[in-house]
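What follows is a short report on a single structure.
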Protein chains: 2
Amino acid sequence: MPRAGLTIDVVVREAARIIDDRGAEGLSLSAVAESLGVRVPSLYKHVDGMPALRRGAMLLAKTGLAAALSDAAIGRSRDQALTAISIAYRKWALEHPGLYPLSVSAPVNGDEDDIAASSTLVETVFRVLAGYGLEGDDAVDATRFLRAALHGYVALETSGGFAMPVDLERSFLRLIASVEAALDSWTKS
Amino acid sequence: MPRAGLTIDVVVREAARIIDDRGAEGLSLSAVAESLGVRVPSLYKHVDGMPALRRGAMLLAKTGLAAALSDAAIGRSRDQALTAISIAYRKWALEHPGLYPLSVSAPVNGDEDDIAASSTLVETVFRVLAGYGLEGDDAVDATRFLRAALHGYVALETSGGFAMPVDLERSFLRLIASVEAALDSWTKS
DNA sequence: TCCATGTGGCTAATGTAGTTAGCCAATGGG
DNA sequence: CCCATTGGCTAACTACATTAGCCACATGGA
């Protein structure tokens, strides 16, 4: 039996690919094993079963989305930064329709990697809002508003929740504009 | 063997209860059968397996949420109506943390009941926005904005995505206020 | 060069969940 | 009262995750 050259990275990345292809429900050890040309039990030499596979994919989702956002924010501030990260957020989600939902799962208590990845993600959004001069509870409220708008839109869009035949791009740009207007006058509301 | 007096309604309602108790992952035929004091295969006399069970719960979610919203909108218009349905939306979702996610699933092509339930839900939101004098594409964009904000907020809240120890009630009221402000000046944006 | 060792594949077996077939008792309309 | 329908059941099969334990491959030191 020649070696297949698997590593934990290869296995988890294949799992992520399958999730994006067939959705989170479509992930199974059989599917991963078949894709990698290997028998199911062999996977256990690299990952600790199904839960670990899901956790790995979830971490890929959080770090991948966070990287896309911070990349988009480079060299911009206020409305420019907000527009850039919003568009990057939606773009990443559309490119990773299966992985995306994992990126919003609450960090698991005690899982340091998960907590770190989740923090990085929220911090990126939080920092952009710092440019609006928001502090303390105002900043928290605003971050929640922005995250809600972005997550709600892409969650509905990727799950097929927007049925009307009206341009999805345009609706999203108007959403961004509305959020920006709200943030510009945030402390007054 | 005495009869247990099951009907499709009893079975589906039990499934919905389990989903709210243990989450969508916690739903199994075994769990439903045990709760109802019956063996697993007996359920097949009333429901066509697991997919039908999920579908039934999904329909309960869509109709239940829609009923809560239209009830809240009675006798109100514009900002009053919007505040009322927003609060009712969040309230229903918090009371049904397991069922709620099913309410945003895209209607299945060809499933008339599903399409009807989904339409009713969106229509309720859409009608409130009619009070703002929005028509055509403007109304679609605005509906998407409102649905995104509401869904995003409660999805993040119910999944534990808001970690900061800041009042969740207040953040939501500010979100509503921001959405209202945006809708008041929608056609200008 | 060779073999000692650890590692990465494998088969076999077990447990759980969904599903189907087919049996038999309870129910209710003539 | 009888019998057809219905709603429960057991048994058996599938698919999947998991564990135990085997053996070949690859590598590094003698």
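The chains referred to below are lettered A, B, ... by the order of the sequence lines, with proteins before strands, and numbering in each begins at 1.
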Please state how far atom [atom1] in [X] lies from atom [atom2] in [N], giving the value in whole angstrom units.
{"X": "B/E34", "N": "C/dT16", "atom1": "CD", "atom2": "P", "result": "13 Å"}
{"X": "A/D48", "N": "C/dG8", "atom1": "CG", "atom2": "P", "result": "15 Å"}
{"X": "A/R54", "N": "D/dA17", "atom1": "CZ", "atom2": "C1'", "result": "10 Å"}
{"X": "B/Y44", "N": "D/dT6", "atom1": "OH", "atom2": "P", "result": "20 Å"}
{"X": "B/R3", "N": "D/dT5", "atom1": "CZ", "atom2": "C1'", "result": "9 Å"}
{"X": "B/L43", "N": "C/dT20", "atom1": "CG", "atom2": "C1'", "result": "14 Å"}
{"X": "B/K45", "N": "D/dT10", "atom1": "NZ", "atom2": "C1'", "result": "12 Å"}
{"X": "A/E25", "N": "D/dA17", "atom1": "CD", "atom2": "P", "result": "12 Å"}

Proximity to the side chain of A/L29 - top-ranked nucleotide from D/dG8, C/dC10, D/dA17
D/dA17
Using a strict threshold of under 4.0 Å (side-chain N to carboxylate O), is an ion pair present between [Y] and [X]?
{"X": "B/R144", "Y": "A/E157", "answer": "no"}
{"X": "A/R90", "Y": "A/E169", "answer": "yes"}
{"X": "A/D141", "Y": "B/R170", "answer": "yes"}

side-chain N/O [X] vs [N] OP1/OP2, d < 4.0 Å:
{"X": "B/S30", "N": "C/dT16", "value": "no"}
{"X": "A/H46", "N": "C/dT7", "value": "no"}
{"X": "A/S28", "N": "D/dC16", "value": "no"}

Check whether the ring centres of B/Y100 and B/Y89 lie less than 6.0 Å apart, and answer yes or no.
yes
Kindly say whether the aromatic ring centers of B/F162 and B/Y153 come within a distance under 6.0 Å.
yes
Counting any heavy atom closer than 4.0 Å, what does A/S42 reach on the DNA or RNA strands: base, sugar-phosphate only, or nothing?
base
Find which nucleotide of DNA chain C each of A/P41 and B/P41 is nearest to by heavy atoms, and output the residue with the more 5' nucleotide.
A/P41
Of A/V40 and B/V40, the one whose closest DNA chain D nucleotide lies more 5'
B/V40
